Every structure is written in structure tokens, then in C-alpha cells.
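Notes for the one structure printed next.
By convention here, the first residue in the shown sequence is residue 1. Since the structure is predicted, the reported quantities are computational estimates derived from the model, not experimental observations.
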Amino acid sequence: DTRAVISASGSKTTLISGTFTNTVASSKVLVQLKMPNYVGSVKVMVVAAHKGTYGKAFKKVAVKEPLMVLGTLPRVLGPNEDILFPVDVFAMKEDVKDVTVTVETNDLVEVVSDHQHKLFFEQQGDQQVFFRLKTKNKFGAAKIKVRARCGSLEALYTVELNVRAPNVTQTKTHIDI
């Protein structure tokens, strides 16, 4: 079960709950969880229960893959809007060298620059590429997908956001009697 909530600060809080696991006293269990597209560290909490007694443990864990990609977009878009879309690509292992970054969109957004960029990493680190996008004169849910590839490694960043009128039309009526 994975749930995400956007807080007022714009950061995404994610809750991933695993299954119940039975253990014998003083034993260890390896539990693997699939993390949604995320770069950084997370706080992992484990809760234990036995015959009415409870315990908990916390640990900060780094979330990283050999190749990661993360885009930055506003929360909403307007029709006929020009967007400079920055995409950060992270090479977290020395053998990640030649990376191809591509962008795909649905029919509400047009890519007006090259759809593809090639990067070369001499060492671990991050680089940024930019795509020029333009929304069409339509309303709805825009879908943008960024794919980074290096050999058999692949990283995806997918976002869905609304294309809507920037200002709600307001009408004021004044009646003199």
C-alpha cells in the first residue's frame, strides 16, 4: 500500500506499509519495499507488537539507484504557456557514463526543443538538461515522462498536472434600485 500526500510546503510525504512478519525472539527479517520515484533519504519506522506490548525503531536510509532522474515543474500549467523544463540526472555509480535523456508528452503539451539530450559523466554526480515545452490551447491533464538510459539501466520520472485557466473569470453585477 503506497499513499502520497502533498503538504502545504509542496513536499511529498509517502507512506508505504509492508506486510506483517512473524519472527522468533532475537531474529532478523529482511523486508524489501518498492519506493516510488524518489531521490534523497527517508526515515524508516518499524513497529513491533507482541501480546499487548509494542516497540518501535527508526532509521534514516538513503534512497538511490545507479541512475536517477528528477524533473521540476510547477503544480499547474496554463494554456499556451511556454515552459523551460529542468531535468536533473544523477549518476550514483562510477560505471554510469553515457546517458541519453528523452522526454515524451501527451497531446496537451508539445516539446518545442530537441526531444533528446546526451550526457557524459566522468565521475559520480549530477548534471542538468533543459527541455522547452509549450502547452496547447486546451484544458485537461498533461502527462510528461522523462526517461534516462545508460546501457541496461533506466530511470523514469513521470508527472501529471492540470492545464487550466490561469484566472477564474469573475463577474460583478451592480443593481441600482
More than 12 heavy atoms of other residues, nucleotides or ligands under 6.0 Å from [atom1] of [X]: is that the case?
| X | atom1 | answer |
| --- | --- | --- |
| Tyr54 | OH | no |
| Lys97 | NZ | yes |
| Glu65 | CD | no |

*Could you tell me whether the side chain of Asn162 and the main chain of Gly78 form a donor-acceptor pair under 3.5 Å?*
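Pair absent, no side-chain N/O of Asn162 close to backbone of Gly78.
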_Sidechain-backbone polar pair: Gln127 side chain, Phe120 backbone, donor-acceptor under 3.5 Å_ =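 Judged by distance alone, yes, a pair lies under 3.5 Å.
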[X] and [Y]: which non-hydrogen atoms are nearest, and at how many Å?
| X | Y | value |
| --- | --- | --- |
| Val163 | Ala142 | CG2-CB, 3.8 Å |
| Gly71 | Phe85 | CA-CE1, 3.8 Å |
| Lys143 | Glu160 | CE-OE1, 3.2 Å |
| Met45 | Phe58 | SD-CE2, 3.3 Å |

*Do Lys60 and Val42 have side chains that get closer than 4.5 Å, going by heavy atoms?*
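The answer is no; the side chains never approach within 4.5 Å.
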*asked:* Do Leu156 and Val146 have side chains that approach each other closer than 4.5 Å (heavy atoms only, starting at C-beta)?
replied: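 With C-beta onward as the side chain, the pair stays apart.
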Mind checking the [atom1]-[atom2] spacing from [X] to [Y]? Nearest 0.5 Å is all I need.
| X | Y | atom1 | atom2 | result |
| --- | --- | --- | --- | --- |
| Lys93 | Lys64 | NZ | NZ | 8.5 Å |
| Leu77 | Lys136 | CG | NZ | 14.0 Å |
| Thr135 | Arg164 | OG1 | CZ | 13.0 Å |
| Leu73 | Ile144 | CG | CD1 | 5.0 Å |
| Tyr157 | Lys145 | OH | NZ | 13.5 Å |
| His117 | Thr100 | NE2 | OG1 | 11.5 Å |

Hey, any chance [X] and [Y] share a hydrophobic cluster, counting ILVMFWY side chains that come within less than 4.5 Å of each other, even indirectly?
| X | Y | result |
| --- | --- | --- |
| Val87 | Val112 | no |
| Val159 | Val89 | yes |
| Val103 | Leu119 | yes |

Acceptor/donor pairs from residues 147-154 side chains to any protein atom, 3.5 angstrom cut, sequence neighbours excluded:
| unit_1 | atom_1 | unit_2 | atom_2 | d |
| --- | --- | --- | --- | --- |
| Arg147 | NH1 | Glu154 | OE1 | 3.4 |
| Arg147 | NH1 | Glu154 | OE2 | 3.3 |
| Arg149 | NE | Glu154 | OE2 | 2.7 |
| Arg149 | NH2 | Glu154 | OE2 | 2.9 |

*Quick one: salt bridge (charged side-chain N to carboxylate O under 4.0 Å, His left out) pairs with a partner in residues 105-126, sequence neighbours left out?*
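Of all non-adjacent pairs touching residues 105-126, those that pass salt bridge (charged side-chain N to carboxylate O under 4.0 Å, His left out) are Asp107-Lys138.
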_Inter- and intrachain pairs under salt bridge (charged side-chain N to carboxylate O under 4.0 Å, His left out), touching residues 38-53, at least two apart_ =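 Of all non-adjacent pairs touching residues 38-53, none passes salt bridge (charged side-chain N to carboxylate O under 4.0 Å, His left out).
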_side-chain contact (heavy atoms from CB on, under 4.5 Å) partner of Phe90, chosen from Val69, Leu70, Leu67_ =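 Filter result, single survivor: Leu70.
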*Not counting sequence neighbours, which residues clear salt bridge (Lys or Arg N to Asp or Glu O under 4.0 Å) with Lys134? List them please.*
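Expected list: Asp82.
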*Remaining members of Val76's ILVMFWY cluster at a side-chain heavy-atom cut-off under 4.5 Å?*
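ILVMFWY cluster around Val76 holds nothing else.
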*Partner set under side chain to side chain donor-acceptor pair (under 3.5 Å) for Asn80, not counting sequence neighbours*: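 With sequence neighbours excluded, Asn80 shows a side chain to side chain donor-acceptor pair (under 3.5 Å) to Asn137, given in chain and number order.
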*Does the ring centre of Phe131 sit less than 6.0 Å away from the ring centre of His115?*
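No; Phe131 has its ring centre 6.0 Å or more from that of His115.
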